[in-house]
Every structure is written in structure tokens, then in C-alpha cells.
Amino acid sequence: VVLGRREVRGYADSELGTAEIARELGVDALMECSVDFPGDRMQITAELVRGSTGAILWSDSYDGRVADAQVMRQSIAVAVADRINARLSPELQQKKLRPVDPEAYRLYLRFLANKFSGEAIPTLQSVVALDSTFTDAWAMLSWRASWAAQYGHLPRDEGYEMARSAARACLDLDPSHSAAHMAMATVLWQQDWDWEGARIATGKAAALDPMNGFAKHGLAQILFASGRIAEGTAIYEDLIELNPLNPDLRQRLGWHLLNIGLFDLAIEQFEKNLELFPDHFWTNLLLGSTYAAKGEYRKAVQLQKDCEQMFESLRFDADGDGVKEKGVGPRYARGGWSELMASAYANSGERGEVAALVEESLADFENDPSGERAWLVAFYLINLGEIERAAPWLETAATAFREDVEAETPQAPENAYRLAYLFAAAGDHDNAYRWLDIAFDLRSPLLVDIYRRIVRFSGMWQDSRFEDLMRRRGY
């Protein structure tokens, strides 16, 4: 097994020795590289080190123009594969790599160091302006534009059109570029809701690069989203076998199972994950949410309290995969499944905890009378069972969110979905469908993960309107 960057990046600044790192990763050897840029040249020193003894199994130095960076990278991959008796894919062996403009490559490295900054997309646009044949930069521009469109950093249509154009530019240059096929799949999936087209594109990406775990992960998500649960689960299990030290994989599988109401199977996945990663925040959080969904409220509340303790030790990693985001505090440990956790508190003899949050939210609304604050007041009141008291706050939130829709704000698609599930929780299915239709028209990214048996809308499963929504969404 060859582990990818995601599994090893946490050791970049580690003080552990080679043997300790290899033992923790469960590998026989480690690859160590250093890179220097004297003038317009690039010097790479690479070593393959035996994990148990620290003995150098292979080493070499590479000196060339910055323009030939991709060629040198391929040369290292071929040399290491030969040393460990691995076999590179025929596509990689036969791939003809173009020289890269040196200044474009330096800019690209600057992007890689700050992929989630506000300058990421302008930096990539500068890279491809300097070198329009730099395929990796086109693929990254596509991925970054999709990310920006999904999370409201760019207008949705503008962001996805940029992503589509960048993926096409890359594939026109190199039809065998795995990451570009995956980037195109993201557009087909998240913007076009073309599930079959996205499935084919992710399949191509995975076939072209069997080590592209991101492509296989994407394929599993698409299969779940299109109702092919057994196939999606099988792909996750294969990924977990290949990457046993990536806790996000089993956590994500459990999340899908929780989403569709397979609570016992979700608990099984979360508990397996915690055997290896007992302090994994998201796994603990979602396990608590699953117990809440099952009605085992005391277990849910205890896990919730554990998560609040864990939260303060979390930090962002290099790719921004942490959880401390703007406006987030320990209360956020109730997470994206907050309604389940709030319900757990309300039903476990700790109603006072939720009542205190109502009071906090009312005070916040006095200082900031926004739709978001009104939504939060309604949210907590509904989970206390105070539906009548929540009604005017729901209407206040709806008025503000309608203004977002009319103004075409980036947050409008997500807010429409969030208001729909709050109306559903309050038992007002007519308004829930009204806002789901708005979310559909706005192509809300949150509708990508709405399944026929999604727990959040469990009271609406038997309604023909819900079946119609699933049909329009392509489920």
C-alpha cells in the first residue's frame, strides 16, 4: 500500500524518528524529499528510507530547469516504483509531459501553500495566463472554482461555469488527466445534477489513476446520492482497506448511513473508527447524533459533552480541513446535525441547556435582528417542542430569506434548504415544500445529499410531493 499526502502530511513538522513514523503509519518505508530553487533551476534530493532501521534503500538527486519540474517528478516516481517492484499505470508511463513556464510554476507553488485563501483563484488564473498548457493548474482552477461556488464565495453559475471551462481546457490538452475528469464530474454532479454523467466521469478518473482516492470517494458519494447504497458502501470499504489510517473515510461512510436512517450500521462504522482514532472529533459528534436519532438521548448528550471538550484542542490543517470556522465556538460541537443534538438535550432531562440557548439567541437577535438569528431562535424552540412560540420566528426568518432569494445572495440556496427542514421539523409540510422548491430552483448544494429516506424529512416520505422532488432531482 502506498499512502497519499493526506495520510502523511501531519508528520511534516514532526519530531518523531523515522521508525516511529513508519510504525504509526503501518508502512515499511518512507520517502523523503528536499527541494531547492537556485535561480531558474530546481534541485531535488530524494531518499527511500527503511522504516524499521532508517537505512537508505535508494537515493538520487535531480537537477533541472524549473520548466521541467513535472518531468523530474515523473522520473522520481518511475525510479521509486522500480525500486519497490511496483508497477505504474500504463497511462503514467506513456504520458508526455510538457515543459512548464518557470514563473508559472513558482506561482503554482504559491497557490499550493495557500489553497483556501482569497487569492487562490486569481493566482491560478495568473498561472494559466502565463502558461496555457499547464494541465495541473487548469485542473486545480476547476476544482477551486467549484469549491468557491458551492460555499458561496462566487456566484453559483459564475463559479461552476469557470470550473467547467477550466476542466475542458485541461482535458483538451490531456484527455488522460485523472484530476480533470474528477473536476468535470464535480460540475456535472453539483451544478447539473447529471448523476449518470458524473458517475461516468468519476469512473474514468479512478480508472486513469487507481491511487486517486478522491475520485473513488466522489464515485461513492454519487452512488449514495443516486440511491445505489450497496455499491457506494463497497467502494468506501475498498478505500478504507487501501487507506486504513484515514479516519475521514469510515466517518463519511457512517454519515451516509446515518443520513438514510440506517442507524445501527452507522453506529457500527463510527465505533470501528473510534477503535483506531478515539479522539476523532467528527466521528464522536456523528455517533452522538446517531444515538439521538435512535432516541438514546443520554448516550447522545454524553458524547456531545465529550465533543465540546475536544473542540478546544482542534486546529486547522494545511488544507483547511479543521472545524474552527468564522463564528464557531464550543456550541458548534452540535454540528450540522444540530437538530438531533438539541432534541437529545430536550428529551434527556437537560431541557435547561436548550432553554439557555433560546435566551442567548434572543439576546443575540436584539443586537443583530437578522434572519439567521431568527432562524436560530426558532430552531431551539422547535426542539423544545414549543411550536407555537417558534412560529413568528420562523416567519421572521422566512421574510429575511425571501429577501436573500430576491437579491440572489450567495447564501440564498443554502438558507432556502435550511428553512425547509425547520418547517418540516415544526410539522408545517406545506411551507417545507414551498422552500424545498425554492432550494431546487436555486440549485442548492445541500439538495445534492438529500436522499429518499433522509432522516431530516422523515415525516414527509410518504407524500407524493416528496417523491416528485426526488424524481426532479434525478434520484
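Just so it is clear, the values below take in all heavy atoms, side chains as well, and ignore hydrogens, waters and symmetry mates.
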**Q** Can you name the ring pair (Phe, Tyr, Trp, His ring centres under 6.0 Å) partners of F440, sequence neighbours left out?
**A**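 Ring pair (Phe, Tyr, Trp, His ring centres under 6.0 Å) list for F440, sorted by chain: W193.
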**Q** Residues two or more places apart in sequence or in another chain: which of them pass side-chain contact (heavy atoms from CB on, under 4.5 Å) with P410?
**A**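 P410: no side-chain contact (heavy atoms from CB on, under 4.5 Å) contacts found.
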**Q** My understanding is that only residues two or more places apart in sequence, or in another chain, count here; which of them pass salt bridge (Lys or Arg N to Asp or Glu O under 4.0 Å) with D157?
**A**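 Partners of D157 by the salt bridge (Lys or Arg N to Asp or Glu O under 4.0 Å) criterion come out as none, since no residue qualifies.
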**Q** Between CD1 of I235 and CG of L253, what distance do you get to the nearest 0.5 Å?
**A**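 The CG atom of L253 is 11.5 Å from CD1 of I235, to the nearest 0.5 Å.
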**Q** Is any side-chain heavy atom of E467 less than 4.5 Å from a side-chain heavy atom of W461?
**A**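 Contact flag for E467/W461 side chains = no.
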**Q** With side chains defined as the heavy atoms from C-beta onward, is the minimum distance between F423 and R434 less than 4.5 Å?
**A**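 No, too far: nothing below the 4.5 Å cut-off.
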**Q** I'd like to check the ring pair (Phe, Tyr, Trp, His ring centres under 6.0 Å) partners of H280; sequence neighbours left out, ordered by chain and number.
**A**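 Applying ring pair (Phe, Tyr, Trp, His ring centres under 6.0 Å) to H280 gives none.
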**Q** Is the closest side-chain heavy-atom distance between D364 and L376 below 4.5 Å?
**A**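 No, every pair of side-chain atoms sits at 4.5 Å or beyond.
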**Q** Using atom types as modelled and distance alone, determine if a side-chain donor or acceptor of N284 lies under 3.5 Å from a backbone N or O of P278.
**A**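 Side chain of N284 to backbone of P278: a pair is present.
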**Q** How far apart are the closest heavy atoms of G159 and A145, and which atoms are they?
**A**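 Shortest heavy-atom separation between G159 and A145 comes out as O-CB, 3.5 Å.
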**Q** Taking the side chain from D209 and the backbone from A205, do they hold a donor-acceptor pair closer than 3.5 Å?
**A**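 Flag not set: sc D209 to bb A205 has no pair under 3.5 Å.
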**Q** Partners of R465 by salt bridge (Lys or Arg N to Asp or Glu O under 4.0 Å), sequence neighbours excluded?
**A**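 Only D430, D463 meet the salt bridge (Lys or Arg N to Asp or Glu O under 4.0 Å) criterion with R465.
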**Q** I'd like to check the salt bridge (Lys or Arg N to Asp or Glu O under 4.0 Å) partners of R443; sequence neighbours left out, ordered by chain and number.
**A**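 Residues passing salt bridge (Lys or Arg N to Asp or Glu O under 4.0 Å) with R443: none at all.
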**Q** Name the orientation class of the two ring planes belonging to H256 and F224 (parallel below 30°, tilted from 30 to 60°, perpendicular beyond 60°).
**A**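 Parallel: the ring planes of H256 and F224 meet at under 30°.
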**Q** My understanding is that only residues two or more places apart in sequence, or in another chain, count here; which of them pass side-chain contact (heavy atoms from CB on, under 4.5 Å) with A149?
**A**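 Residues passing side-chain contact (heavy atoms from CB on, under 4.5 Å) with A149: Y160.
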**Q** Restricting to ring pair (Phe, Tyr, Trp, His ring centres under 6.0 Å), what partner residues turn up for F270, sequence neighbours left out?
**A**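 F270 satisfies ring pair (Phe, Tyr, Trp, His ring centres under 6.0 Å) with no other residue.
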**Q** CD of E366 to CZ of R373: how many Å apart, nearest 0.5 Å?
**A**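 Going from CD on E366 over to CZ on R373, the span is 12.0 Å.
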**Q** May I ask you to decide if G197's main-chain N or O and D194's side chain share a donor-acceptor pair within less than 3.5 Å?
**A**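 Such a contact is found between D194 side chain and G197 backbone.
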**Q** By salt bridge (Lys or Arg N to Asp or Glu O under 4.0 Å), which residues pair with D238, not counting sequence neighbours?
**A**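 With neighbours one apart ignored, the set is empty.
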**Q** Assess the residue pair E271 and I267 against the criterion (side-chain contact (heavy atoms from CB on, under 4.5 Å)); give the C-alpha distance rounded to whole Å, side-chain angles, the decisive distance to 0.1 Å, and a yes or no.
**A** CA-CA 6 Å; E271 289 183 340; I267 289 171; 3.6 Å; yes
**Q** With heavy-atom distances below 4.5 Å as the criterion, would you say the side chains of L154 and I121 are in contact?
**A**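 Yes; the side chains approach each other to less than 4.5 Å.
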**Q** Does any N or O in the side chain of R144 come within less than 3.5 Å of the main-chain N or O of K115, such that one atom is a donor and the other an acceptor?
**A**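 Flag set: sc R144 to bb K115 pair under 3.5 Å.
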**Q** So, taking the atom named CD in E241 and the one named CG in L249, what distance separates them when rounded to the nearest 0.5 Å?
**A**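 Atom-to-atom, E241:CD and L249:CG are 12.5 Å apart.
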**Q** Do NZ/NE/NH1/NH2 and the carboxylate oxygens of R156 and E414 come within less than 4.0 Å?
**A**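 No, no charged N to carboxylate O under 4.0 Å.
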**Q** State, with a plain yes or no, whether a side-chain heavy atom of D428 is found less than 4.5 Å away from one of L394.
**A**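 Of all side-chain heavy-atom pairs linking L394 with D428, none is under 4.5 Å.
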**Q** To the nearest 0.5 Å, what is the distance between CG on L447 and CZ on R472?
**A**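 If we round to the nearest 0.5 Å, L447:CG and R472:CZ are 9.5 Å apart.
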**Q** I need the minimum non-hydrogen distance between W195 and I222, along with the two atoms involved.
**A**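 It is O-CG2, 3.8 Å.
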**Q** Indicate yes or no: at least one non-hydrogen side-chain atom of M162 is less than 4.5 angstrom from one of Q125.
**A**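 The answer is yes; the side chains approach within 4.5 Å.
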**Q** So, using side-chain contact (heavy atoms from CB on, under 4.5 Å) as the criterion, who are the partners of A397 when residues are at least two apart?
**A**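 Counting only residues at least two positions away or on another chain, A397 forms a side-chain contact (heavy atoms from CB on, under 4.5 Å) with A374, W375, L419.
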**Q** How long is the straight-line distance from OH of Y417 back to CG of L436, given to the nearest 0.5 Å?
**A**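 Answer for the CG-OH pair, L436 versus Y417, is 7.5 Å.
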**Q** Charged N to carboxylate O below 4.0 Å: is that the case for R199 and E196?
**A**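 Salt bridge flag = yes for E196 with R199.
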**Q** NE2 of H177 to CE of M182: how many Å apart, nearest 0.5 Å?
**A**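 Rounded to the nearest 0.5 Å, the NE2-CE separation comes out at 14.0 Å.
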**Q** Between D404 and F401, does a side-chain contact (heavy atoms from CB on, under 4.5 Å) hold up when you go through it step by step?
**A** CA-CA 5 Å; D404 285 339; F401 288 178; 3.8 Å; yes
**Q** Take a 6.0 Å sphere around CD of E408 and say whether it holds more than 12 heavy atoms from other residues, nucleotides or ligands.
**A**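 Result for CD/E408: open.
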**Q** How far apart are the C-alpha atoms of H217 and Y236, what are their side-chain angles, what is the distance that settles it, and do they pass the side-chain contact (heavy atoms from CB on, under 4.5 Å) test?
**A** CA-CA 7 Å; H217 187 193; Y236 271 115; 3.0 Å; yes
**Q** Check whether any side-chain heavy atom of Y380 lies under 4.5 Å from a side-chain heavy atom of L384, and answer yes or no.
**A**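 Result no, sub-4.5 Å side-chain heavy-atom pair not found.
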**Q** Go through the side-chain N and O atoms of N273 and T283 and say whether any donor and acceptor fall under 3.5 Å apart.
**A**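 Side chains of N273 and T283: pair found under 3.5 Å.
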**Q** I want to check something: taking the side chain as every heavy atom from C-beta on, are R110 and E119 in contact at a cut-off of under 4.5 Å?
**A**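 No, every pair of side-chain atoms sits at 4.5 Å or beyond.
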**Q** If every non-hydrogen atom of A180 is compared with every non-hydrogen atom of L171, which pair is closest and at what distance?
**A**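 The pair with the smallest heavy-atom distance is CB-CD2, 3.6 Å.
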**Q** Sort and list the pairs that fulfil side-chain hydrogen bond (donor to acceptor under 3.5 Å, both in side chains) and have at least one residue in residues 387-397, not counting sequence neighbours.
**A**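 Listed by first then second residue: E386-R389, E395-R402.
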**Q** Of the non-hydrogen atoms in A137 and Y108, which two are nearest, and what is the gap between them?
**A**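 A137 and Y108 have their closest heavy atoms at CA-CE1, 3.8 Å.
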**Q** Taking side-chain contact (heavy atoms from CB on, under 4.5 Å) as the test, write out the residues that go with N367, two or more places apart.
**A**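 Once residues adjacent in sequence are excluded, N367 has no partner under the side-chain contact (heavy atoms from CB on, under 4.5 Å) criterion.
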**Q** Which heavy atom of A293 sits nearest a heavy atom of L258, and at what distance?
**A**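 It is CB-CD1, 4.4 Å.
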**Q** Assess whether salt bridge (charged side-chain N to carboxylate O under 4.0 Å, His left out) is satisfied between E275 and K272, documenting all intermediate values.
**A** CA-CA 5 Å; E275 289 174 8; K272 283 182 180 179; over 6 Å; no
**Q** Can you see which heavy atom on L276 is nearest to which on P244, and at what distance?
**A**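 Distance-wise, the nearest heavy atoms are CD1-O, 3.9 Å.
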**Q** Given I382 and I387, is the side-chain contact (heavy atoms from CB on, under 4.5 Å) satisfied, shown in steps?
**A** CA-CA 5 Å; I382 288 168; I387 306 300; 4.1 Å; yes
